[in-house]
S.K.: 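One structure coming up, written as structure tokens, with questions to follow.
All figures in this text were calculated on a predicted structure; none of them were measured in a lab.
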Amino acid sequence: MLKNPNTKYSAFPPVALADRQWPGRTITHPPIWMSTDLRDGNQALFEPMNPARKLQMFRKLVAIGFKEIEVAFPSASQTDFDFVRKLIEENEIPDDVAIEVLSQAREHLIRRTMESLKGARRAIVHIYNATSPVFRETVFGMSKDEVKALAVASVTLVKELAAQQPETEWVLEYSPETFTATELEFAKEVCDAVVDAWDPQAGEKVIINLPSTVEVAGPNVYADQIEWMNRHLARRDQIVLSLHPHNDRGTAVAAAELGMLAGADRVEGCLFGNGERTGNVDIVTLALNMYTQGIHPGLDFSDINDVARVAEECTQLPIHPRHPYVGDLVFTAFSGSHQDAIKKGFEVQQPGAQWAVPYMPIDPLDVGRTYDSVIRVNSQSGKGGVAHLLQAHYGLVMPRRMQVEFSAAVQRLTDETGQEVDAHQLWTLFSREYLEADAPIRYVAHHLFEAGSRQGIRIEAEVNGRTVEFVGEGNGPVEAAVAAIGVPIRVQSFEERSMGEGADAAAMCIVEVAMEGMAGSRFGAGMHRNTVTASVQAIISAANRAGAHVVPVAEEDAEGCAA
């Protein structure tokens, strides 16, 4: 029984589509992807991204391979307007990428929106107005004719303003907002009128976006609605049919997949599904679902950890550890029977053969992960939890990915001893794995010096038994230390925590690094009362654990070390 049994709900009526074709079809190629992380995703955040984080996210979306990116709602705020100008004026938009902006079907907002796009090479102008009965009658008090007239007038205005900026290649996108709750005949009538008003010429197309603004029925109903529109739109050959699924019922990914089967050409969503209410469709999940079926999605998720870190940093939203394909624990099985089946699968899996490892729909290496977490067994969690014991007894808080990495060392220890491990044994093992990782480089001392506006560092170390001096510069001690030791590692994340209280408390620095040719990442750690010393020790620890190859120079010439 729900809290309010007096609330009445009614089932959404089915679509009259007796000869539906989508159930018998198969997805054979990826859609046109459009990221709305910077607009729909951004407006759903507790703290919207500042310009720096928006630019960081934009660059990551470009690197992943998105060719259409909705960057702002420029009429909504000066911040959004200025961000569009920044992208255009600072030449941040690659030639093969089109930016998209959104505007309600209101004259002053459209004029402001078009003003923001001056000088753009190619721009998609996305106009929308709500078309469903509840919005027509309750929100706006408009008739069907008035709703259609508003859409046509808005598109006509965009066309007039676009003609005044011929240096830009203009593309129109129109959304009948609340499409899924709109009568299909009326949705078609409005969309046909919009296409006629824009009147695309030979070789041109209009994007007709059919959003599941609110999921009001199952994904099969959405697919029926898309197929009906796909069949009945008047100028279908001049239309890019687009989906914008939301996740109110938790079925956005399914709705998108079925919508593609029903004839859609394009999908709008956010990397990890953040968006208003329960979010937009999760593009990472949708794309990698396709990948597991042998269809390359056309997006680069070969380093999924890096994509996740950028998204978390920019949105300030955590990714669930069990998030499909991405979460820190998705390749970790705690069940003994699962572990047994996975290990047996790995034993018979041949390189280049069709992937067929039990419980693992994707090879972790394909997304830049490692097999370390897969060999993790439930014995550690059943005996109190490695992370909990180290935090409770020693104040050590490890990042989640480091927990997964360290668990492999714990497993080796429990396999060797066949016994439980207590907190002291875990701390000893952690020290041996990270704090005492001193080959080939053993830290001796370091000295900082000023190098103009940059930080310089001179590190005294032993490399394979020889005394070597490393010298480097950077924007800070960490960057300078990486430059000094001269090995090709890239710092992925860096954390610094106090291991106690008071002035004498030691600092624990933990760094995560990646290296070309190395699957996944490695962690290093350093502990010292001086935080810079701890940082330098952590960098050297990480380089050692990454297996970085170091070639020492002659002592008399020792001012650095080559990788």
S.K.: So that I can tick it off, tell me whether Asp303 and Arg369 are bridged by a salt bridge, with the cut-off set at under 4.0 angstrom between side-chain N and carboxylate O.
M.R.: no

S.K.: Would you call Phe46 and Gln316 a side-chain contact if the rule is heavy atoms closer than 4.5 Å?
M.R.: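 No, too far: nothing below the 4.5 Å cut-off.
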
S.K.: So, do Leu243 and Arg266 sit near enough that their side-chain heavy atoms are less than 4.5 Å apart?
M.R.: no

S.K.: Look at Arg249 together with Glu215 and state whether they make a salt bridge at an N to O cut-off of under 4.0 Å.
M.R.: no

S.K.: Is there a side-chain contact between Trp427 and Leu435 in this structure, where contact means two heavy atoms from C-beta onward sitting under 4.5 Å apart?
M.R.: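 Yes; the side chains approach each other to less than 4.5 Å.
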
S.K.: Is the shortest side-chain heavy-atom distance between Ile32 and Lys67 below 4.5 Å?
M.R.: no

S.K.: What are the two closest non-hydrogen atoms of Val330 and Tyr325, and how far apart are they?
M.R.: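 Between these two residues, the closest heavy atoms are CG2-C, 3.8 Å.
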
S.K.: With side chains defined as the heavy atoms from C-beta onward, is the minimum distance between Val367 and Val326 less than 4.5 Å?
M.R.: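 Counting from C-beta outward, Val367 and Val326 never come under 4.5 Å.
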
S.K.: Could Glu436 and Arg442 be called an ion pair, given the rule that one side-chain N must be under 4.0 Å from one carboxylate O?
M.R.: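 Not counted as a salt bridge, because no side-chain N and carboxylate O are separated by less than 4.0 Å.
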
S.K.: If a pair satisfies salt bridge (charged side-chain N to carboxylate O under 4.0 Å, His left out) and one of its residues is in residues 476-495, list it, with sequence neighbours excluded.
M.R.: Glu495-Arg497

S.K.: I'd like to know if Glu469 pairs up with Arg458 as an ion pair, taking the criterion as any Lys NZ or Arg NE/NH1/NH2 lying under 4.0 Å from an Asp or Glu carboxylate oxygen.
M.R.: yes

S.K.: So Phe73 and Leu38, do their side chains get closer than 4.5 Å, heavy atoms only?
M.R.: no

S.K.: A cation-pi test, strictly: NZ or CZ of Arg545 under 6.0 Å from the centre of the six-membered ring of Phe523 and no more than 45 degrees from its axis. Yes or no?
M.R.: no

S.K.: Side-chain contact, heavy-atom cut-off 4.5 Å: Thr533 with His446?
M.R.: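 They are in contact (side-chain heavy atoms under 4.5 Å apart), so the answer is yes.
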
S.K.: Indicate whether the side chain of Glu276 and that of Gln43 have a donor and an acceptor atom separated by less than 3.5 Å.
M.R.: yes

S.K.: Restricting to pairs with a member in residues 32-46, which pass salt bridge (charged side-chain N to carboxylate O under 4.0 Å, His left out), not counting sequence neighbours?
M.R.: Arg39-Glu70

S.K.: With a 4.5 Å cut-off on side-chain heavy atoms, are Leu299 and Ile283 touching?
M.R.: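 Contact flag for Ile283/Leu299 side chains = yes.
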
S.K.: So, does Asn42 use its side chain to make a donor-acceptor pair with the main chain of Met49 at under 3.5 Å?
M.R.: yes

S.K.: How close do Thr292 and Pro361 get, counting heavy atoms only, and between which atoms?
M.R.: CG2-O, 3.6 Å

